[in-house]
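Have a look at the structure below, then the notes.
Each chain gets a letter, A, B and so on, in the order the sequences are listed, and its residues count up from 1.
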Protein chains: 2
Amino acid sequence: MRISTRGGYGIRAMFELAVAHGQGPVPLRTVAHKQAISENYLEQLMGALRRAGLVNGIRGARGGYELALSPADIKVGDVIRALEGPIVPVRCVDQNRAHDCERVEICPTRGLWKKLRDSMTEVLDSTTLADLCQEAANEES
Amino acid sequence: MRISTRGGYGIRAMFELAVAHGQGPVPLRTVAHKQAISENYLEQLMGALRRAGLVNGIRGARGGYELALSPADIKVGDVIRALEGPIVPVRCVDQNRAHDCERVEICPTRGLWKKLRDSMTEVLDSTTLADLCQEAANEES
DNA sequence: TAGATATCCGAGTGGAATACTCGGGATTCA
DNA sequence: TGAATCCCGAGTATTCCACTCGGATATCTA
């Protein structure tokens, strides 16, 4: 009942990019060091985030990564989905593959999972990177 | 971002026991067949549920399993916890091991995980086996 | 234009967890 | 007694996670 480190690392990395937003690209190495994440591993995650359209990768010297959108327009849920796939507690409430289970109509637990999915989605999609920055700034004072 | 089959199977098995509550023990085999779960595997899960005090195992011919409490007194969250451990999205918001991470005080994502944990817990602990039975009965009509 | 700095890409790997199977022992009912 | 049933521990195949590595490609700067 956990999100893996992929999601956790991803959020922390995106947080760093959000803090530096508007100040040019941040190299992977810098992000990895600030958040104590393996460089090689983070590289893979950034690839997924780039393919999801959440960050831009800028090559060459003075390159790095930057958010593709403003921090207020990137939801935490987007980051999790890009790195861990759809946010569903069990497959049978994944809208994309609704028919994996023939018992769908009579399953006593389906309603429960839907409720759980919705409540998780609500939390993750109502928080943006800008919110995380705001909260961090508040705690500092 | 999923609960494993352990939790899913567990809930479904407990649902069967809840339906038969008050009518004597139900053998593992019956539960397994009704819910299309491997007998051998389910046996392991029932062991965990028994050790958690949620079911009684009754040995011998005419034996089986029965709920140790009334369906209204068993929360879905109890079952999940017995089978999958604490309901926490990431370790650092597990109250039992709060100090695994030294960055606790400055971590920008901690608040988020707490919110997520609370919303998940709320759903799972506000639903009982009796609620599942009720819902199943409603859908039948 | 050389070379340093980066991203990009795919393959590979060790360990842990999942989802089981299997064999045999203990208990109880008929 | 013997059939039914729970109880228990060991073993196993598969999958996923977390991470490493080597090298290709692109871009800036001197």
Side-chain angles (χ1 to χ4, degrees), chain A residues 1-13 16-17 20 24-33 35-68 80 82-86 88-91, chain B residues 1-13 16-17 20 24-33 35-68 80 82-86 88-91:
Chain A
M1 200 52 188
R2 301 240 164 84
I3 67 158
S4 66
T5 62
R6 287 177 72 87
Y9 286 173
I11 300 288
R12 281 157 55 194
E16 288 300 331
L17 296 187
V26 184
L28 181 77
R29 170 165 305 176
T30 306
V31 176
H33 278 133
Q35 287 291 332
I37 303 171
S38 147
E39 268 180 63
N40 284 323
Y41 191 36
L42 184 55
E43 193 180 345
Q44 288 189 5
L45 306 187
M46 293 311 290
L49 293 171
R50 182 174 44 78
R51 284 184 290 274
L54 297 175
V55 300
N56 297 324
I58 292 144
R59 293 188 173 198
R62 297 287 183 119
Y65 290 93
E66 61 183 15
L67 297 185
I80 302 282
L83 294 170
E84 304 200 14
V88 289
V90 297
R91 280 184 218 87
Chain B
M1 201 55 189
R2 301 239 164 86
I3 68 159
S4 67
T5 62
R6 286 176 72 86
Y9 287 172
I11 299 288
R12 279 158 54 193
E16 288 300 330
L17 296 187
V26 184
L28 180 77
R29 171 164 306 174
T30 306
V31 177
H33 279 134
Q35 287 292 332
I37 302 170
S38 147
E39 267 180 64
N40 285 322
Y41 190 37
L42 184 55
E43 194 181 347
Q44 287 190 5
L45 306 186
M46 293 312 289
L49 292 170
R50 183 175 42 81
R51 284 185 290 275
L54 297 175
V55 300
N56 297 324
I58 292 142
R59 292 187 176 198
R62 297 284 185 122
Y65 290 95
E66 61 184 15
L67 297 185
I80 301 282
L83 293 170
E84 305 199 14
V88 289
V90 298
R91 280 185 219 88

If you look at every strand shown and take non-hydrogen atoms under 4.0 Å, does B:Gly57 touch a base, only sugar-phosphate, or nothing? sugar-phosphate
Applying a 4.0 Å non-hydrogen cut-off, can you work out what B:Gly47 is touching in the nucleic acid: base, sugar-phosphate, or nothing? nothing
Are OP1 or OP2 of [N] and a side-chain N or O of [X] less than 4.0 angstrom apart?
X	N	result
A:Tyr65	C:dC8	yes
B:Thr5	C:dA19	yes
A:Tyr9	D:dA18	no
A:Ser4	D:dA18	yes
A:Arg50	C:dA6	no
B:Arg6	C:dT18	no

Letter by letter from the 5' end, nucleotides 22-30 of chain D scores (B base, S sugar-phosphate only, - none; protein heavy atoms under 4.0 Å) ---BBBBS-
How about B:Tyr65 and B:Leu28: do any of their side-chain heavy atoms sit closer than 4.5 Å? yes
Among all residues two or more places apart in sequence or in another chain, which pass the salt bridge (charged side-chain N to carboxylate O under 4.0 Å, His left out) test with A:Arg29? A:Glu39
Roughly how many Å is it from [atom1] in [X] to [atom2] in [N], rounded to a whole number?
X	N	atom1	atom2	value
B:Glu66	D:dT5	CD	P	15 Å
A:Ile37	D:dA18	CD1	P	12 Å
A:Leu45	D:dC16	CG	C1'	14 Å
B:Leu42	D:dT5	CG	C1'	14 Å
B:Arg51	D:dC6	CZ	P	15 Å
B:Met46	D:dC8	CE	P	13 Å
B:Leu28	D:dT5	CG	P	10 Å

Please report the shortest heavy-atom distance between B:Val26 and B:Ala20, naming the atom on each side.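 Answer, listing the atom of B:Val26 first, then B:Ala20: CG2-CB, 3.6 Å.
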List the atom of B:Leu83, the atom of B:Gly7, and the distance in Å for their closest heavy-atom pair.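 That would be CD1-CA, 4.3 Å.
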Once side chain to side chain donor-acceptor pair (under 3.5 Å) is applied, do any residues pair with B:Glu66, and if so which ones, sequence neighbours excluded?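 Expected list: none.
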Listing, residues 41-56 of chain B side-chain donor-acceptor contacts under 3.5 Å, not counting sequence neighbours, or none:
none

Between the base of C:dT21 and the side chain of B:Gln44, is there a donor-acceptor distance below 3.5 Å? yes
Kindly say whether A:Gln35 contributes a backbone atom to a donor-acceptor pair with the side chain of A:Glu16 at under 3.5 angstrom? no
Looking at the side chain of B:Tyr41, which of C:dT7, D:dC6, C:dC20 is the nearest nucleotide? C:dC20
